[in-house]
Every structure is written in structure tokens, then in C-alpha cells.
Amino acid sequence: MSNSPQLARPTAAETAAVAAPAPSSGAPGDGPRTPVRGHPHRDRAGRAFSTAATVAGSTILVTLAAVAVFLVLRAWPALSASPEELTEGIQWFPEGTTLLGFVGPMLFGTVLASVIALAVAVPVSTGIALFISHYAPRRMANALGYLIDLLAAIPSVVYGLWGVAWLAPRLQPAWAWLSETLGFIPLFEGPAANPPRVILTVGIVLAVMILPIITAVAREVFLQTPRLHEEAALALGATRWEMIRMAVLPFGQSGLISASMLGLGRALGETMAVLMILSPGLTYSLALLQAGQHQTIAANIANQFPEANPLGVSTLIATGLALFVITLAVNMAARWVVARRKDFSGAN
Amino acid sequence: MAQRIDIKDLNVYYGSFLAVEGVTMAIEPRSVTALIGPSGCGKSTFLRTLNRMHEVIPGARVEGSLTMDGVDLYGSDVDPVAVRRQVGMVFQRPNPFPTMSIAENVLAGIRLNNRRISKSDARDVVEQSLVGANLWNEVKDRLDRPGSSLSGGQQQRLCIARAIAVKPQVLLMDEPASALDPISTLAIEDLIAELKDDYTIVIVTHNMQQAARVSDRTAFFNIGGTGQPGRLIEMDDTRTMFSTPTEKSTEDYISGRFG
Ligand SMILES: Nc1ncnc2c1ncn2[C@@H]1O[C@H](COP(=O)(O)OP(=O)(O)O)[C@@H](O)[C@H]1O
Ligand SMILES: [Mg+2]
């Protein structure tokens with residue numbers, strides 16, 4: 001159990017949060033309660049391990065701090081510039097907007113795309129992972145697991161191409177239908193764009209991209225459910241699905257959250273697929289089916305960076321800083337959720 | 001609420017490995033039947049066939065007949081899930097659901113039956129079952145704490161409360177006290193003595209004194225050697241088994257000469 005939340009330690013932020021306490025917890029060879037007096041080399045190994053852990057932990061913290069400092073320093077010219085200076089100095093900067101007014105809609109777009117991706121990917125991944133871990137015959141499970149791992153190895157630019165050239169045309173009729181039947185809900189307000197270079201298409205492609213990693217982690221977590229608890233449920237007369245709800249899912253909950261955060265981290269920072277699919281716009285629009293409404297931070301950076309002048313670069317870095325902060329916040333939130341349920345996690 | 005079980009010519013296989021061979025016995029209602037014998041002779045295997053729990057192991061199967069009050073537990077129209085709701089089980093290691101509170105653990109089986117029960121009914125079931133498992137006084141003030149916050153002995157009694165909450169006919173226990181300290185063990189033994197008024201109890205134990213203390217009838221299993229199937233050697237009233245067993249090997253085992 002105890003290692004399920006540790007399975008997913010994706011970002012530098014998470015790693016730092018985990019690594020930080022390592023030095024203080026001390027290594028086995030440390031301290032006065034050493035019953036290994038006859039083995040000085042073991043003592044030395046313990047100290048070496050302790051030192052290594054300290055060094056590794058601080059390296060990560062230092063790197064993290066260095067990244068933050070770098071971002072702030074390089075973003076400073078943009079952060080301290082007036083809206084007029086930004087509008088005049090940068091060709092693509094929207095007129096009459098502050099820096100915050102520029103980042104805000106992109107932050108919104110970034111989060112929106114990622115939330116769609118998670119909403120689609122988490123249930124599907126959970127289903128696939130459960131099928132692999134608890135339903136499929138062993139050989140089929142192995143084959144499926146292998147296939148999923150392969151999907152994780154596909155570069156994101158390929159997903160982008162696939163999304164634009166194959167998936168988008170096939171989604172268009174569905175989006176048109178959605179806007180016609182559910183158009184009264186603001187989310188699905190028409191007209192549905194054709195070609196569907198819209199945030200919902202992006203969300204679906206992102207979902208496919210993060211599916212493998214979430215599935216792989218979820219599968220590992222589900223497989224670790226103690227047999228003891230599965231049998232407890234079965235002996236009470238649970239069907240297989242009831243057993244899963246009673247023993248497997250509660251046990252895997254924190255691992256599943258970690259897996260989702262891994263996926264979210266990837267979705268938040270995804271550049272290529274978004275850049276290739278989305279027709280950009282800078283609004284706080286909820287219309288998922290309309291083009292020219294949304295943009296993500298990462299895609300915008302990739303789009304503008306090559307042509308940007310120094311102030312433009314600084315502005316883009318400022319948006320990157322916003323992305324950095326939100327990723328950090330997401331990871332900390334996830335950690336908090338997991339920690340809150342610790343009493344009930346079974347790590348007793 | 002207690003039923004008689006008749007077993008006839010039961011063979012149990014793991015794949016092609018015959019683990020238990022030719023068991024014929026009758027288990028009386030409202031009594032405690034102890035299964036004793038050396039390690040690996042198939043006591044757990046046999047016990048798990050009584051609620052079809054062996055079926056969760058791929059390749060495990062039985063031959064022969066097993067009836068509960070005349071109903072064939074292995075009939076083609078009998079759902080193993082339904083059998084397990086009638087025949088409860090307590091395991092060697094206490095296994096309360098770690099993500100559930102004490103009260104939720106007790107109610108777990110009832111919630112399965114999809115019975116929507118009112119809050120007050122639920123409270124009654126929790127209290128009755130915990131009282132029935134001699135645990136109520138220790139936990140009544142912290143019913144919403146996780147089950148895993150209890151001591152091992154308390155956890156095991158919580159598992160017993162969980163098993164009896166669904167009012168089964170039969171209660172199977174596989175070395176329920178072997179992971180517990182002596183005091184908790186005594187608490188479990190007292191509890192078994194009380195429970196037999198209402199349930200048919202089958203208990204596997206490694207501990208001769210325990211079998212002698214808690215059971216009415218004792219069945220001795222033995223094994224010819226590794227790779228050989230386990231067999232029921234003899235079964236009789238516990239007092240007879242421990243004073244004047246018919247078989248030499250029973251006497252040897254009980255007097256501690258092997259096993
Ligand atoms: N899941 C299993 N798969 C294959 N063989 C098993 C399994 N469980 C038990 N066995 C075998 O069945 C025999 C009886 O085991 P068991 O019922 O656990 O004995 P006991 O409970 O009396 O110690 C042993 O030879 C054991 O190796
Ligand atoms: Mg056993």
C-alpha cells in the first residue's frame with residue numbers, strides 16, 4: 001500500500017516535496033541504536049546512503065528554486081512594464097490589455113483543455129486498468145498492458161498529426177450533432193466549427209495522450225490490492241464488481257489521484273498537439289465547440305517564441321511562470337487530498 | 001439460523017493437483033466443529049470449499065457432494081455469491097476494510113445486499129453485531145474511526161461482527177486466533193462459545209488446547225507425505241478424540257508426537 005502514492009512522482013515539485021524530508025529521517029546505519037558494531041562497513045554504507053539522499057534531495061530543491069528564480073528574473077521586464085509599453089513593444093500583444101489580462105484567458109484555456117482531458121481519460125483509464133487487473137485472462141492482460149505501454153511511447157507531435165488529420169474530421173459530425181441537440185447548454189453552444197479546431201477536440205486528443213500513463217499507473221496500483229481485502233469482500237458475498245468497489249477502488253484511490261495528476265501535468269504542459277489542432281483566441285469562453293476562443297500557455301509560447309523580441313520573450317516567460325505556478329499548485333492540492341485520507345488508507 | 005452440512009466423497013483439486021481426497025463428514029447445526037491436523041494437510045482448502053471461496057483461485061475445483069440442509073451447494077443453479085452470503089468466513093489475519101470506519105465495516109455485507117436501510121436500523125445492526133462480537137463496549141465511542149485503528153484482537157472481533165451482521169447460517173474460521181496475543185485469543189474463544197447458540201461454526205486451529213476448549217466435535221486431517229492428498233483420518237466428539245481416539249496417528253498428533 002504504502003508505495004502506491006509514490007508510484008507517481010512526476011514533477012520536480014512533487015519530487016522535491018518527497019525528497020525534502022529524506023535527510024532528516026536518517027539512514028538505517030545512523031543513530032545510537034546500531035546493533036551492527038561488528039560491521040563497520042555497514043555503518044559506513046548507512047552514512048553514505050544518508051549523504052546521498054541529502055545531496056539528491058537538496059539538488060532537486062536547488063534546481064527547483066533555480067528554475068523559479070530564472071523565470072522571475074527573465075519575466076521581470078514584462079512584469080514591470082506598463083500595458084502601453086507592452087502593446088507598443090510587442091506586435092502580437094492585444095491592445096488595451098494588462099499582462100494579467102493577457103495571461104488570464106490562456107490560463108483558463110490551459111486548465112479547460114486539461115480538465116476535459118482528465119474528465120475523459122480518468123474514467124476510461126480506470127476501466128481499462130480494472131479490466132487488465134481483475135477481469136482479463138492473464139495472457140490477454142499482459143498483451144493489453146504491453147499495448148498501453150507502447151501508446152505512452154508515441155511522440156506528441158504524432159498525436160497532433162493524428163488528431164488533425166484523422167480524428168478531427170471524424171469528430172466533426174458528432175460536434176455538429178451536440179451543438180444541435182444540446183446547444184441550449186452554454187458548453188455546447190453552436191455553431192460547431194468546421195474544421196473542428198476547437199478546445200473539445202484538443203481535450204479528446206489530450207485525453208488519448210494521457211490515457212497510457214494513467215492506465216499504467218492505475219493498473220499497477222490495482223494489482224497491489226491486498227488479497228486479504230479482496231477475499232474479505234468476496235467472503236461477504238460480493239460479486240466481482242462489488243469486490244472492486246469495496247476493496248480495489250478504495251485501496252487504489254490515492255494512487256488513482258496520483259496517476260491523474262501525472263496525466264494532468266502532461267496535459268497542462270502539452271504543446272505540439274494543441275498548437276497543431278487549436279484555432280487560437282483569447283477569451284474566457286465556455287463554448288467548447290466554437291473556434292477562435294481559447295489558447296493554452298504552452299502552445300502560445302511555442303507559437304510566438306521564434307519571432308519574439310526581447311520584451312516579447314520576457315512576456316512569454318511570464319506566462320510560463322504562470323504555468324509553473326499552476327502546475328505546482330495542482331500537485332500540492334493532490335498531495336493534500338491524498339494526505340487527508342491517510343488515516344483510512346490502510347497504511348497502518 | 002443454523003444449518004447442517006453433509007459432505008460426501010469430496011475431492012479438491014488445484015489444477016491437476018489433488019489437495020484433499022475423499023472427505024465424508026457431517027457438520028451439526030449449533031455446534032463447533034474443529035479441524036485439526038499438520039500444516040499442508042488441506043484444512044484451509046477443505047474449509048474454503050464450504051463457502052466456495054476456493055473458486056476465486058484459478059483452477060481450483062471440487063468433486064463430490066456438499067449439501068446444506070439438503071440443498072446441493074454445488075448445484076448448477078446455485079450462485080457462489082449467494083452461498084457466501086449464507087456461509088460467512090473469518091480469516092487467519094484480521095482484514096477489516098482499511099478505508100472504512102468501524103461502523104461501515106460492520107455494515108459492509110448488508111450494503112452489498114443492496115438493502116437500503118434507514119439510519120436507525122443501521123445503528124441497531126452495528127450495535128447488535130458489535131455486541132455479538134464482544135466489541136461494543138470497546139468501540140462504541142469511536143464508531144467512525146477507521147477499522148485499522150484497532151488492535152489485532154479487536155480487528156479480528158470486528159471481522160466477526162462484520163460476518164455475523166448479515167446473519168449467516170454458518171460461520172467458518174480459519175485459524176482466527178493464530179495471529180493474536182493470548183488475551184485476545186481467549187476473547188475470541190469466549191466469543192465462539194457464545195456464537196454457537198446461533199450459528200454452525202467450523203474452525204481450523206493449530207492449537208490442540210483451543211480445539212479441546214471450544215469445539216464439540218473434532219476432525220483430524222492428515223497427509224501421507226508431500227505431494228500426497230490430505231485425508232480425513234477420523235472425526236468424533238472432541239472429548240473422545242482427545243481421550244480415546246481410534247486411530248494411532250490421531251493419538252500421535254494430539255499428544256504432540258508430530259505436526
Ligand atoms: N492456491 C493454491 N494453489 C495451489 N496449491 C495450493 C494452494 N493453496 C494450498 N495449496 C496446496 O494444497 C495443500 C493444502 O494446503 P492448505 O489447505 O493450505 O493446508 P493447511 O491449511 O492444512 O495448512 C498444500 O499442499 C498446499 O501447497
Ligand atoms: Mg491453513
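Worth saying up front: this structure is predicted, and the values here are computed from it rather than measured. Per chain, numbering begins at 1; letters A, B, ... match sequence-line order.
Under the 4.5 Å side-chain criterion, counting only non-hydrogen atoms from C-beta, B/Val56 is not in contact with A/Glu230. No side-chain heavy atom of B/Thr99 sits under 4.5 Å from any side-chain heavy atom of A/Gln253. A heavy-atom distance below 4.5 Å is found between the side chains of A/His229 and B/Pro98. A heavy-atom distance below 4.5 Å is found between the side chains of A/Met246 and B/Met100.
Pairing each heavy atom of B/Asn95 with each of A/Ala232, the nearest pair is ND2-CB, 3.3 Å. Considering every non-hydrogen atom in both B/Met89 and A/Ala235, the closest pair reads CB-CB, 3.9 Å.
The part of B/Val87 that comes within reach of chain A is its backbone (N, CA, C, O), which places non-hydrogen atoms under 4.5 angstrom from that chain. Looking at B/Arg48, the atoms closer than 4.5 Å to chain A (heavy atoms on both sides) all sit in the side chain, from C-beta outward.
Comparing B/Pro58, B/Ala108, B/Pro80, B/Ala165 by heavy-atom pairs within less than 4.5 Å of chain A, the highest count is held by B/Ala108.
Salt bridge present: A/Glu242 and B/Arg85 bring a charged side-chain N and a carboxylate O closer than 4.0 Å.
Atoms CZ and CG, on A/Arg245 and B/Leu112 in that order, are 8.0 Å from each other to the nearest 0.5 Å. Rounding to the nearest 0.5 Å gives a distance of 13.0 Å between CG of A/Leu234 and CZ of B/Arg52.
Every pair passing side-chain hydrogen bond (donor to acceptor under 3.5 Å, both in side chains) that includes a residue from residues 127-137 of chain B is listed here, sequence neighbours excluded: B/Asn137-B/Lys140.
The ring-ring contact (aromatic ring centres under 6.0 Å, His included) test applied to B/Phe97 returns no partner, not counting sequence neighbours.
Within a 6.0 Å sphere centred on CG of A/Leu150, heavy atoms belonging to other residues, nucleotides or ligands number more than 12.
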